[in-house]
Protein chains: 2
Amino acid sequence: MPHPKVREDSLLEALQGVFCRHGFEGASLSLIADATGLQRASLYHRFPDGKAGMAVAVLERVLATFGSTVLAPLSKPGDPAARVRQTAKQLGEFYAGGKRSCLLETLSLGAPAPAVRAAVQRALRAAIDAFAAVARECGASPAEAARRAEQALVEVQGALVVARVSGDIKPFERVLKALPERITGD
Amino acid sequence: MPHPKVREDSLLEALQGVFCRHGFEGASLSLIADATGLQRASLYHRFPDGKAGMAVAVLERVLATFGSTVLAPLSKPGDPAARVRQTAKQLGEFYAGGKRSCLLETLSLGAPAPAVRAAVQRALRAAIDAFAAVARECGASPAEAARRAEQALVEVQGALVVARVSGDIKPFERVLKALPERITGD
DNA sequence: GTCTATAGCTTGATAGAC
DNA sequence: GTCTATCAAGCTATAGAC
């Protein structure tokens, strides 16, 4: 593809926005066409598997960028607490300070295609594993590390939902601030 | 209405299930008709405002039953911690042990009608206020009580999302177990 | 690689018989 | 109060020109 009208990256970014705001069933192709600037037929050329293929592609790209930006500090050397603080900061940017919903939530609603479900689960697993690895470094047992990582994910997801419903991002900010101690165990 | 084919209560219960699983945009009238056993036209007779009216009716009914069962222990006399424990137990049943999503989450996705948005916000506010009142009884300042109540809601919502994505209800069970100390402050 | 055009179905909602 | 029948508009997806 020498001259795509819309580059892969901005295409996926626009797709992400729509899936983020409307979920899988709510993301109609008209909405997607408007957001991407491509016609329906062009979208099917880029994503032969249709809407499900678009969702999987978005999830895979998010998993990649999420890993290389948000989760990257977690697997670097240095003080664990400082690394988690850095990741908390990245999380704040990734979710636009709490104003953006998480694809794992929005794309898991309804009856998504099996490929979408699987991609969502992979992404959640990756995030949990990354947090758990840091907790282990802090001396937690495997079971305890998993518990802390899951709790961290629970709080982030919950804060995003509460923020969407209430319009109040303060709970999200508090969750991010408390994130390091949730992982290190104080 | 002397002889409705489907009684108001079971009608709303079926509606709740569909909105719960699919959200507002994903809950099509065909899905709703199948779940309720009524034809589309009959649904419009019962809910002249259409799908938005159905969602609001479900939210109002849930707010009522939620208040009279789940939140009721919170406003009774007696040991605050014991009352929150009772509410945690009720929460577990209300959300089917973590296998059922929360309407506040599913109905806030997409671009719901203003009336739906408002009903969702009212319900969230009622839950937060009920928890905050107990926290105040335990000696928390208004600001601290609000913080604890919001944190409790955040954890419940987050655990339900994680449970839906991963199929693992253990984080939800842990959240319920920790709920009393979240409110009382230990 | 993108487009216009269209197929075929489903959507939310209404009209009117019973 | 529920139904069948229907509407216009929306939907996902495809065909084929450029």
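What you see is a predicted model; the values in this text were computed from it and never measured. Throughout, protein chains are lettered first and strands after them, A, B, ... in sequence-line order, and every chain is numbered starting at 1. What's counted below: heavy atoms across the whole structure, side chains too, no hydrogens, waters or symmetry copies.
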May I ask you to say what [X] touches in the nucleic acid, namely base, sugar-phosphate or nothing, with a heavy-atom cut-off under 4.0 Å?
X	value
A/A33	nothing
A/S42	base
A/A52	nothing
A/R46	sugar-phosphate

Calculate the interatomic distance between [X] atom [atom1] and [N] atom [atom2]; express it in whole Å.
X	N	atom1	atom2	answer
A/E25	C/dG12	CD	C1'	16 Å
A/D49	D/dT12	CG	C1'	13 Å
B/Q39	C/dC18	CD	C1'	15 Å
B/Y44	D/dC7	OH	P	17 Å
A/K51	D/dT14	NZ	P	14 Å
B/I32	C/dG12	CD1	P	7 Å
B/R40	D/dC3	CZ	P	12 Å
B/D34	C/dT11	CG	C1'	14 Å

Cluster link A/L109 to A/L31, ILVMFWY, side chain under 4.5 Å: no
Are B/L124 and B/L103 connected into the same hydrophobic cluster when the rule is that any two of I, L, V, M, F, W, Y join if their side-chain heavy atoms are below 4.5 Å apart?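 B/L103 and B/L124: one cluster.
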A/T184 vs A/V134, side chain to side chain contact (heavy atoms under 4.5 Å, CB included): CA-CA, chis, key distance, verdict: CA-CA 8 Å; A/T184 63; A/V134 181; 5.5 Å; no
Compare the minimum distances between each of D/dC3, C/dT2, C/dG12 and the side chain of B/A41, then state the nucleotide with the smallest one.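 Of D/dC3, C/dT2, C/dG12, D/dC3 is nearest to the side chain of B/A41.
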B/L38 or A/S30, whichever maps to the more 5' nucleotide of DNA chain D: B/L38
For B/R122, is there an ion pair with B/E60 - N to carboxylate O distance below 4.0 angstrom? yes
Is it true that A/E144 and A/R147 make a salt bridge, defined as a side-chain N closer than 4.0 Å to a carboxylate O?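 A salt bridge is present here (some side-chain N lies under 4.0 Å from a carboxylate O).
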